[in-house]
Peer 1: 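Please find one structure pasted underneath; my questions will follow.
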Amino acid sequence: MMIVNYIGAFALIVLGIYCMVVKHNLIKTVIGIGLVDYGANLLIVSVGFNDGGTAPIFNLEELTQSSFFVDPVPQALTLTSIVIGACTTAMSLCLVIMIHEQYGTLDTRKIRRLNG
C-alpha cells in the first residue's frame with residue numbers, strides 16, 4: 001500500500017516540474033511550485049511511516065524492547081514545510097499581481113520581450 005504513496009508523490013513532483021518548465025502563464029507556474037511542494041510533503045510523510053507503529057508518547061515504565069514507534073521528525077518537517085509553502089505561494093501570487101499591474105499580461109514570453 002505504501003508504494004501508492006511513493007508513486008503519487010513522484011507523480012505530483014513530476015507534474016509540478018512540468019508545469020514550471022513548459023507553461024508560460026505565471027499562475028500555472030505558481031501552481032506547479034505548489035504541486036512540487038505537496039509531492040515533497042507526501043514523500044516525507046510516507047518515508048516516516050511505520051506500519052503497526054504507535055505514537056511516540058510513553059512513560060519509562062511502558063518502554064520495552066519490543067516497542068515500535070513512528071518517527072515524529074518527518075511529521076514535524078512536513079508541518080514546517082506546509083507553513084513555508086503557504087507563505088511562498090502567497091508571496092508568489094503577490095508578485096504575479098504586481099507583474100500583471102506593471103506589464104498588463106501574465107505570459108512570460110511577452111514580459112521578457114517587454115523587459116528588453
Side-chain angles (χ1 to χ4, degrees):
M1 187 60 169
M2 286 304 295
I3 194 76
V4 175
N5 286 354
Y6 295 125
I7 291 171
F10 285 119
L12 283 173
I13 291 171
V14 168
L15 185 62
I17 291 173
Y18 172 78
C19 285
M20 287 189 295
V21 171
V22 174
K23 301 299 179 182
H24 298 289
N25 189 338
L26 288 175
I27 298 291
K28 292 179 183 177
T29 303
V30 172
I31 290 171
I33 292 170
L35 285 174
V36 171
D37 185 37
Y38 303 146
N41 289 340
L42 179 60
L43 184 65
I44 291 171
V45 168
S46 298
V47 167
F49 177 74
N50 289 327
D51 194 25
T54 61
I57 301 170
F58 56 88
N59 294 332
L60 289 177
E61 295 85 27
E62 297 171 355
L63 189 61
T64 63
Q65 288 284 37
S66 63
S67 299
F68 191 61
F69 297 108
V70 176
D71 189 14
V73 174
Q75 296 173 8
L77 288 174
T78 303
L79 188 60
T80 305
S81 176
I82 289 169
V83 173
I84 292 170
C87 295
T88 304
T89 303
M91 185 66 173
S92 300
L93 289 175
C94 289
L95 288 173
V96 167
I97 290 171
M98 292 175 65
I99 288 171
H100 186 267
E101 289 175 356
Q102 179 73 27
Y103 296 110
T105 184
L106 293 177
D107 191 4
T108 56
R109 295 171 293 191
K110 292 180 183 177
I111 293 170
R112 211 173 298 144
R113 219 174 300 133
L114 290 174
N115 215 6

Peer 1: Where do Ile33 and Met20 come nearest, in terms of heavy atoms and distance?
Peer 2: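 Shortest heavy-atom contact: CG1-SD, 3.3 Å.
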Peer 1: Quick one: do Val21 and Val14 end up in the same hydrophobic cluster if we chain Ile, Leu, Val, Met, Phe, Trp and Tyr together by side-chain heavy atoms under 4.5 Å apart?
Peer 2: no
Peer 1: Please tell me whether Val36 and Leu79 are part of a single hydrophobic cluster in this structure, the criterion being side-chain heavy atoms less than 4.5 Å apart.
Peer 2: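 No.
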Peer 1: Could you tell me the separation between the CG atom of Asp107 and the CG atom of Asn25, rounded to the nearest 0.5 Å?
Peer 2: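 These two atoms lie 7.5 Å from each other.
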Peer 1: How far does CG of Leu106 sit from NE2 of His100, to the nearest 0.5 angstrom?
Peer 2: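 Answer rounded to 0.5 Å: 5.0 Å.
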Peer 1: If you compare all heavy atoms of Gly8 against all heavy atoms of Leu42, which two are closest, and at what distance to 0.1 Å?
Peer 2: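 Result for this residue pair: C-CD2, 4.0 Å.
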Peer 1: Does atom OH (Tyr6) have a neighbourhood of more than 12 heavy atoms from anything else shown, all under 6.0 Å?
Peer 2: yes
Peer 1: Taking all atoms of both residues into account, what is the closest heavy-atom pair of Gly39 and Ala9, and its distance?
Peer 2: O-CB, 3.5 Å
Peer 1: Do Ser92 and Val30 touch side chain to side chain, with heavy atoms closer than 4.5 Å?
Peer 2: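 In short, these two side chains touch, coming nearer than 4.5 Å.
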Peer 1: Search all heavy atoms of Thr105 against all heavy atoms of Ile111 and return the closest pair with its distance.
Peer 2: O-CD1, 3.7 Å
Peer 1: Do Leu77 and Leu43 belong together in a cluster built from hydrophobic side chains that touch within less than 4.5 Å?
Peer 2: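 No.
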Peer 1: What distance do Thr89 atom OG1 and Met91 atom CE have between them, rounded to the nearest 0.5 Å?
Peer 2: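 Between atom OG1 of Thr89 and atom CE of Met91 there are 12.0 Å.
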Peer 1: Rounded at 0.5 Å granularity, tell me how far CD1 in Ile97 sits from CG in Leu26.
Peer 2: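 These two atoms lie 11.5 Å from each other.
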Peer 1: Over all heavy atoms of both residues, which pair between Cys19 and Lys28 is shortest? Give the atoms and the distance, please.
Peer 2: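 So the minimum-distance heavy-atom pair works out to CB-O, 3.9 Å.
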Peer 1: Between Asp37 and Gly85, what is the shortest heavy-atom contact and its length?
Peer 2: OD2-CA, 3.3 Å
Peer 1: Quick one: side chain to side chain contact (heavy atoms under 4.5 Å, CB included) partners of Ile84, sequence neighbours excluded?
Peer 2: Thr80, Thr88
Peer 1: Hey, could you give me the CD1/OH distance between Ile82 and Tyr38, rounded to the nearest 0.5 Å?
Peer 2: 9.0 Å
